[in-house]
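First comes the structure, then the notes that go with it.
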Amino acid sequence: MTIKDIAELAGVSVSTVSKIINGKDQNIKKQTRERVLDIVKRYNYTPYAFIKNMERGRSFLLGLILDAGDADGAFTNRFIKTANTHGYQVALCRNETPEDELKHIASLCKNGVDGVAWRPFSDDSRAHEAHFRKNRIVCATLPAPGEDGGIDYADAGFTAAQLLVEQKHTGIGYIGDESRYSELYLQGIRRYLFESNIPFREDEQVYPMQANLFGWIQQAKLTALICASEAAALRIYDMARIQHCQIPEELSIVCITGKNAGETLYPGVTNLAVPYGAYGQYIAEKLIAQIEATGEPACAFVCEPLRRDGNSVAPPKSPDKNILVVGSINIDVMVQVTSPPQMGAVITAEHCVSLPGGKGMNQSVAVAKLGASSALIGKVGRDYDSIQVYDCLHEHGVNTRGVSADRKRDTGKAYIYVQRDGESSIVIYPGANYLLTTHDIEAQKELFGNARFCLLQTEIPMDAVCFAAELAKAEGALTMLKPSMAEALPDELYRKIDYFMPNAQEASLLSGEAEPEKQAAFFLKKGVGAVVITLGHVGCYWRSSGSDGRYFPAYEFKAVDTTGGADAFIAAFAVKLADGETAERAIEYAMCAAGFAVSRQGTVPAMIDKTTLELYMRNA
Ligand code: RIB
């Protein structure tokens, strides 16, 4: 393509084309100029050979000078794309220092760019604009962050804080970065919280880089974080996974990014999209309009409303309703048999399945399924079974921060023989459950402080049970204990138990009494606050200190597998008491939950959900 071809296509003389591409077109009609330039761009005509010795011509090249701190890839990408659409190429320059900036300006002038979009490195560097003027290069100066005419970064911080406060968060932390926008986001956060009368202690709530991230989150009692960058959000996300802290249930994260609405950052993280891309397009169009003397773009840049995307940020539930379970975690190997194997005999199983179980696991999942906030403290091996356990707990929304893994032993196992009448017998290999220490429990003190109830059983070491009961009482939580596999309990443990919940066999073994009335009297004398003795298909016996005892009948469900029935009962009883119900109403609720559990196979899958349970009870 030669200049002659361009002239022919445009229906003008070669000299007219020459004048236009050399910028000597003052006397040429606007339409003619536009028609010629359009053809030049469309046919990608590069007049370097023709103009290289001339004073100044069109290069269809733009410069974009940004700082290394301008980490907004979306701005740059859209600027380049827009320029390309208009037939321009872009030379992108990033300044680390003022010297870089001057070198880039000199180079762009030498290469005869048509225009430059430039964010001056500092106020002093604004003087360099003279170089562009001297070389007749059109210059669009980008406002510094915070100046009028650009993106309102403070508004992003404001919107992030508003989003979290609307979700009822009050413990909001901020993790900034080195970027020039970081302080502006903080200004917006500060402004929103101030206007909403929410205290913001910057010395505690703005992340001090040297601090241990999770220690800081716990110490400052934060439930939500605003991150100034994707890098910060990723860091927290990774740490949360290590700590088994669930996002957004336990910690909500809003990340201010240049991502488009609709692009998910990480699962559970809310993406607040700043309109960098739209701004890049606006700047490119404005510059090209000035170069081609077509006037300003139709309207000035208006910062689009910030778009929040990805995930809703759920605030943690009220601490009054939190239920903490400290107990065993197993893999249950359930074998369906006609009768349990006798010594020396070989029998065939009708059905066999292996699923996560254990009293601690069952109760924590049952609590979560009933809609309460549930956390578990326990120990698993570092093996394949533990992955199943973690997945199952996460799937049900149980807080697993207190579930640790140890290489020294395998995850516990329970071999459960279930007969046709639903009755079962169990052989337990405790495995890692017996590695749970008082130290592990103390490390989770925070969970006790946040709990209304602490549910305990005795399939973990007894000193761990006693320590957990003591810590729960010290932190103001009520305790429930299900004794299992225990021939005797320490006297000091009884005194720390508010609700003692054995089955008939356990009650008889521990008290040496045959009738529930006498058994309950024995335990109350030992110092427990109240007793519920679960009696299988008969129902249960309830008595608290200072009240008469009472029997409650069971709901009529056909028993398929009684394993886990007591766990369902205890979890539902705790959930209802935490809701503020009386013990009698809580027992009704728990009886029904246990009925559902025994009418289904297994333990975890047999636990009933709140909606089904309450619907059933309403119609019963
Ligand atoms: O209560 C039932 C549970 O007891 C089973 O899941 C088994 O693992 C044992 O801990």
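Start at 1 and go down the list; that is how both ligands and their atoms are numbered.
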Discussion item. Checking Asp567 against Gln363 for the side chain to side chain donor-acceptor pair (under 3.5 Å) test, could you report, in this order, the C-alpha distance in whole Å, the side-chain angles of both residues, the deciding distance, and whether it holds?
Written reply: CA-CA 5 Å; Asp567 297 328; Gln363 293 179 13; 3.1 Å; yes
Worksheet item: Going by atom types only, do Gln519 and Ser511 share a side-chain donor-acceptor pair under 3.5 Å?
Response: no
Fill in: Atoms in ligand 1 flagged as close to Gly358, the criterion being non-hydrogen separation under 4.0 Å
5 (C), 6 (O), 7 (C), 8 (O), 10 (O)
Practice prompt. Please determine if Lys576 forms a cation-pi arrangement with Tyr589, meaning its NZ or CZ atom is less than 6.0 Å from the six-membered ring centre and no more than 45° off the ring axis.
Written response: yes
Fill in: Greater than 12 external heavy atoms within 6.0 Å of His537's NE2
no
Worksheet item: Are the aromatic ring centres of Phe500 and Tyr494 under 6.0 angstrom apart?
Response: yes
Item to complete: Specify the protein heavy atom at minimum distance from atom 7 (C) of ligand 1: its residue, its atom name, and the distance to 0.1 Å.
Response: Asp332 OD1, 3.4 Å
Fill in: Ligand-side contact atoms (ligand 1) for residue partner Asn330, heavy atom cut-off under 4.0 Å
7 (C), 8 (O), 9 (C), 10 (O)
Worksheet entry | Numbered atoms of ligand 1 (with element) below 4.0 Å of Ala414, judged on heavy atoms | 7 (C), 8 (O)
Worksheet entry | For atom 3 (C) of ligand 1, the protein heavy atom that lies nearest, with its residue and separation | Asn362 ND2, 3.6 Å
Discussion item. Less than 6.0 angstrom separating the ring centers of Phe557 and Phe596, yes or no?
Written reply: yes
Item to complete: Identify, for atom 4 (O) of ligand 1, the protein heavy atom at the shortest distance, and state residue, atom and that distance.
Response: Lys359 NZ, 2.9 Å
Worksheet entry | Atom indices of ligand 1 within 4.0 angstrom of Thr603 heavy atoms, with elements | 6 (O)
Fill in: Protein contact to atom 10 (O) of ligand 1 [nearest heavy atom, distance to 0.1 Å]
Glu459 OE1, 2.7 Å
Fill in: From CA spacing to verdict: ring pair (Phe, Tyr, Trp, His ring centres under 6.0 Å), Trp542, Phe552
CA-CA 8 Å; Trp542 150 260; Phe552 287 79; 7.6 Å; no
Discussion item. Among all protein heavy atoms in this structure, tell me which lies nearest to atom 1 (O) of ligand 1, with the distance rounded to 0.1 Å.
Written reply: Asp567 OD2, 2.7 Å
